Amino acid sequence: MNSFLFKKIDNAGLILFRTFFGILISLESFGAILTGWVRTNLVEPTFNFSFIGFEWLTVFTGPGMYAYFVLMGVTGIFISIGYKYKYSMLAFAVLWSGVYLMQKTSYNNHYYLLMLISWIMVFFPANADNSVDARKNPELRTNKMYAYYKYIIVLQLIIVYTYASVAKLYADWLDFGFIKVLMQNKADYFLIGDFLQLAWVHKIVAVFGILFDLLIIPALLWKPSRKIAFILAIFFHLFNSIVFQIGIFPYLALAFTVFFFESQKLRNIFFLKEKKHKEYSLAIPKHKTIIIGVWVIYFLFQLGLPIRHHFFKDDVLWNEEGHRLSWRMMLRSRSGSVSFTTIDKITNKKTRINLNNYLTKKQRRKIGAYPDFIWQFAQHLKQEAKEDGKDIAVYVKSRVSINGKPYQPFIDPTVDLAQEKWHHFKHNNFILPSPK
C-alpha cells in the first residue's frame, strides 16, 4: 500500500491538467455571461430554485452575479498560470460551489463534477512546476509528487463513468426509445439534423454510450489500448459537444486523459527543454493515516450517493429521488404541467396561482416535472402568505411525461404541500406511485 500510494512519481500530468483546467473554467465563467446563462438563471428570476437547504445562497443572485462570474473567470486565469494557486483554487471552489447550490433550473452533472474536482485540486500541489508561484519561490519547485494524487483522479473518473454506464441499462435506453426522443429536437441542425433521426444511428449511439462509459478508463489505463481509447474519446466528446452543446464538459473529460499518458511523453510534447525524468524513491508523509482516512471517507460517499435511490420507494426515473449527485447523465426527458391552488385557512378563499407572476419561462418548463421544484414553490407561497399575515394550504395538480410517454398524475392533489417536510434520504409520500 505504501509503495503504491506514496511513491514519488513525475508530476507532469498534474501540472498540465492545472493549465487546461484553469483555461476551461475561465471559459466556462466568461462564457456563462456572454451566452446569457447568468442572466437567464441568476439575474432575471425573482425566485430561485436552490438545492433544498441552501436557500440562503439566493441572496447573492441578481445583477451582482456578473461580477461574481468575472471573478471566477479571473481565478481561472490565475489557476492556469499558477499564480497564487492555493488561494485562487480555493476561491474558485467556493464560488463555483455557490453557483451549483444556489440554482438547479439549469442542472448538469458536469457542474457537480466541476465542483468535486475543484475541491480536490485545492489539496493538490499543482503549482509545483511551470507556474508563476514556482518561479517566484524556487523552493516550491519540484517535478515529482505522491502517486496517490494521480490515483485519486483516476478513481473519481472510474466512479463517474461506471455509474453512468450502469444507469443506462434500463428499458427506454435499451430499446433506443429515449435516444429517439433525445434526437428529435436536433432535426434542424445543419448537415447532421436528418442523420441524427435515423434509427440505426440511435442504436449505435445507445450501444456505444454504454460501452464507452464502461470501458474508457480501463482502456486508457492499459498501454496497448491507450492510443485507440484516446482517439475514441476525442470522437465521443466532440460528438457530445457538437450535438448536445454541454459547455466545457467534453473538453474537461479530454483534459483528464493527461493522467493516463507517460509523463516523459507529456514533457516532450508540452514542456520545452525538460530533462529526462528519473525515478524517485518512496517517501511516507508524516500524516499518512489522516490522508488515507480522509480520502477513504470521501470515496465511500462517492460510492454511496449514486446508489441511494435503490433504498427509496418506487423508481428514480419516475420520482427523481436520488437522481442528482449520481452520474445519471442524459438518461431521460421529462415534461410536466402543474397548477397551484391556495386556500386561506380562515376565510376558505381559494386562489389559483398564476405562475407567470413568479417564474421565468425556463423555470415554468421545469417546475411541473420535478417534485422538489413543486415542493419548494409551495413553501415559497406559504412563506409569502405568512408575511402577509395569512395561513394557507397549498394543493397541486400535476401531470408528468417521461421520455415522450403519455402524461400521468404525479403529485397527490389531496395533500397540503405547505405542511409537508422534504425528505432527502427517503421517499416523499406526496409523490404518487409510478404508473404500471
Side-chain angles (χ1 to χ4, degrees), residues 40-42 44-53 55 58 61 103-107 181 184-185 312-324 332-424 427-436:
T40 301
N41 293 285
L42 296 167
E44 289 181 347
T46 57
F47 170 76
N48 268 77
F49 292 99
S50 65
F51 275 69
I52 295 172
E55 290 80 6
T58 59
T61 57
Q103 73 82 36
K104 58 191 177 191
T105 302
S106 289
Y107 179 86
V181 172
Q184 282 175 349
N185 64 348
F312 296 171
K313 181 181 177 181
D314 218 333
D315 186 358
V316 62
L317 189 67
W318 169 255
N319 59 31
E320 284 288 302
E321 295 169 312
H323 174 87
R324 297 189 186 94
R332 80 284 183 262
S333 172
R334 297 179 69 94
S335 58
S337 62
V338 64
S339 63
F340 289 79
T341 300
T342 64
I343 300 178
D344 190 307
K345 292 184 178 180
I346 303 299
T347 65
N348 286 325
K349 180 182 177 181
K350 292 185 178 181
T351 302
R352 177 77 175 268
I353 301 300
N354 185 349
L355 295 180
N356 295 330
N357 295 334
Y358 292 88
L359 306 176
T360 65
K361 182 178 179 180
K362 187 173 185 178
Q363 289 175 322
R364 295 196 300 273
R365 287 200 304 267
K366 282 278 187 176
I367 189 172
Y370 297 89
D372 53 336
F373 281 62
I374 293 171
W375 178 85
Q376 280 181 292
F377 189 67
Q379 300 304 305
H380 175 69
L381 294 174
K382 174 186 176 181
Q383 182 60 34
E384 184 182 62
K386 184 178 179 181
E387 292 172 0
D388 287 339
K390 299 177 181 178
D391 186 14
I392 64 170
V394 181
Y395 295 96
V396 167
K397 290 183 179 179
S398 175
R399 297 173 66 84
V400 164
S401 168
I402 299 173
N403 295 343
K405 292 183 173 64
Y407 282 81
Q408 301 288 343
F410 187 48
I411 300 296
D412 189 338
T414 67
V415 174
D416 176 9
L417 289 188
Q419 301 304 314
E420 292 293 308
K421 302 295 184 183
W422 180 262
H423 302 291
H424 289 280
H427 179 62
N428 292 276
N429 290 320
F430 59 83
I431 303 174
L432 292 171
S434 60
K436 302 301 181 184

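Only a predicted model underlies this, so the values are computations on that prediction, with no experimental measurement involved. Just so you know, these numbers use all the heavy atoms, side chains as well, and skip hydrogens, waters and symmetry mates.
Taken from OG1 in Thr360 to CZ in Arg365, the straight-line distance is 8.0 Å, to the nearest 0.5 Å. A distance of 11.0 Å separates CD in Glu55 from CD in Gln383, rounded to the nearest 0.5 Å. We find the NE2-CH2 distance between His423 and Trp375 to be 9.5 Å, quoted to the nearest 0.5 Å. Leu381 CG to Thr341 OG1: the interatomic distance, rounded to the nearest 0.5 Å, is 10.5 Å. Asp416 CG to Lys382 NZ: the interatomic distance, rounded to the nearest 0.5 Å, is 8.0 Å. Rounding to the nearest 0.5 Å gives a distance of 11.0 Å between CZ of Arg399 and OG of Ser339.
For the pair Phe47 and Thr58, the minimum side-chain heavy-atom distance is 4.5 Å or more. The closest side-chain heavy-atom distance from Tyr395 to Ile343 is below 4.5 Å. Considering only heavy atoms from C-beta on, Asp391 stays 4.5 Å or farther from Asp344 through its side chain. Side chains of Ser401 and Tyr407 form a contact here, defined as non-hydrogen atoms less than 4.5 Å apart. The shortest side-chain heavy-atom distance between Asn319 and His427 falls under the 4.5 Å cut-off.
Closest heavy-atom contact between Leu317 and Arg334: O-NH1, 2.8 Å. When every heavy atom of Ile392 is checked against every heavy atom of Gln419, the shortest pair comes out as O-NE2, 4.4 Å. Considering every non-hydrogen atom in both Gln408 and Pro435, the closest pair reads CG-CG, 3.7 Å. Taking both residues in full, the closest heavy atoms of Gln103 and Leu42 are given as CG-CD2, 3.8 Å, listed atom of the first, atom of the second, then distance. Smallest separation of non-hydrogen atoms from Ala369 and Ser335: CB-C, 3.9 Å. In terms of heavy atoms, Ala418 sits closest to Val394 at CB-CG2, 3.9 Å.
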**Message:** Quick one, Glu321 with Asn428, criterion side chain to side chain donor-acceptor pair (under 3.5 Å). Give me CA distance, side-chain angles, the key distance, then yes/no.
**Reply:** CA-CA 8 Å; Glu321 295 169 312; Asn428 292 276; 2.9 Å; yes
**Item:** Phe377 vs Ile353, side chain to side chain contact (heavy atoms under 4.5 Å, CB included): CA-CA, chis, key distance, verdict
**Value:** CA-CA 11 Å; Phe377 189 67; Ile353 301 300; 4.2 Å; yes
**Item:** Derivation and outcome, side chain to side chain donor-acceptor pair (under 3.5 Å), residues Thr347 and Lys390
**Value:** CA-CA 10 Å; Thr347 65; Lys390 299 177 181 178; over 6 Å; no
**Request:** Just do the side chain to side chain contact (heavy atoms under 4.5 Å, CB included) check on His424 and Ile52 with the steps written out, would you?
**Result:** CA-CA 9 Å; His424 289 280; Ile52 295 172; 3.9 Å; yes
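Applying the side-chain contact (heavy atoms from CB on, under 4.5 Å) criterion to Arg324, with sequence neighbours excluded, gives Phe51, Lys104, Tyr107, Tyr370, Asp372, Phe373.
Other residues, nucleotides and ligands place no more than 12 heavy atoms under 6.0 Å from the NZ atom of Lys313. The number of heavy-atom neighbours closer than 6.0 Å to NZ of Lys349, taken from other residues, nucleotides and ligands shown, is 12 or below.
Results of the side chain to side chain contact (heavy atoms under 4.5 Å, CB included) test with Gln363 over Thr46, Thr105, Thr40, Asn41 single out Thr105 as the only residue that passes. Here the options are Ile431, Leu432, Ile374, Asp412, the test is side chain to side chain contact (heavy atoms under 4.5 Å, CB included), and the partner is Ser398; only Ile374 passes.
Using the six-membered ring where Trp is involved, Phe410 and Trp318 have ring planes that are perpendicular, over 60° apart on the 30 and 60° scheme. Trp422 and Phe430 have tilted rings, their planes meeting at an angle from 30° to 60° on a 0 to 90° scale.
Salt-bridge check for Arg332 with Glu320: passed, with a basic side-chain N closer than 4.0 Å to an acidic carboxylate O.
Seen from the ring of Tyr358, Arg364 does not count as a face-on cation partner, given the 6.0 Å and 45° thresholds.
Side-chain polar atoms of Asp314 and Ser434 form a donor-acceptor pair below 3.5 angstrom.
With hydrogens and angles disregarded, a donor-acceptor distance shorter than 3.5 Å links the side chain of Gln376 to the backbone of Ser50.
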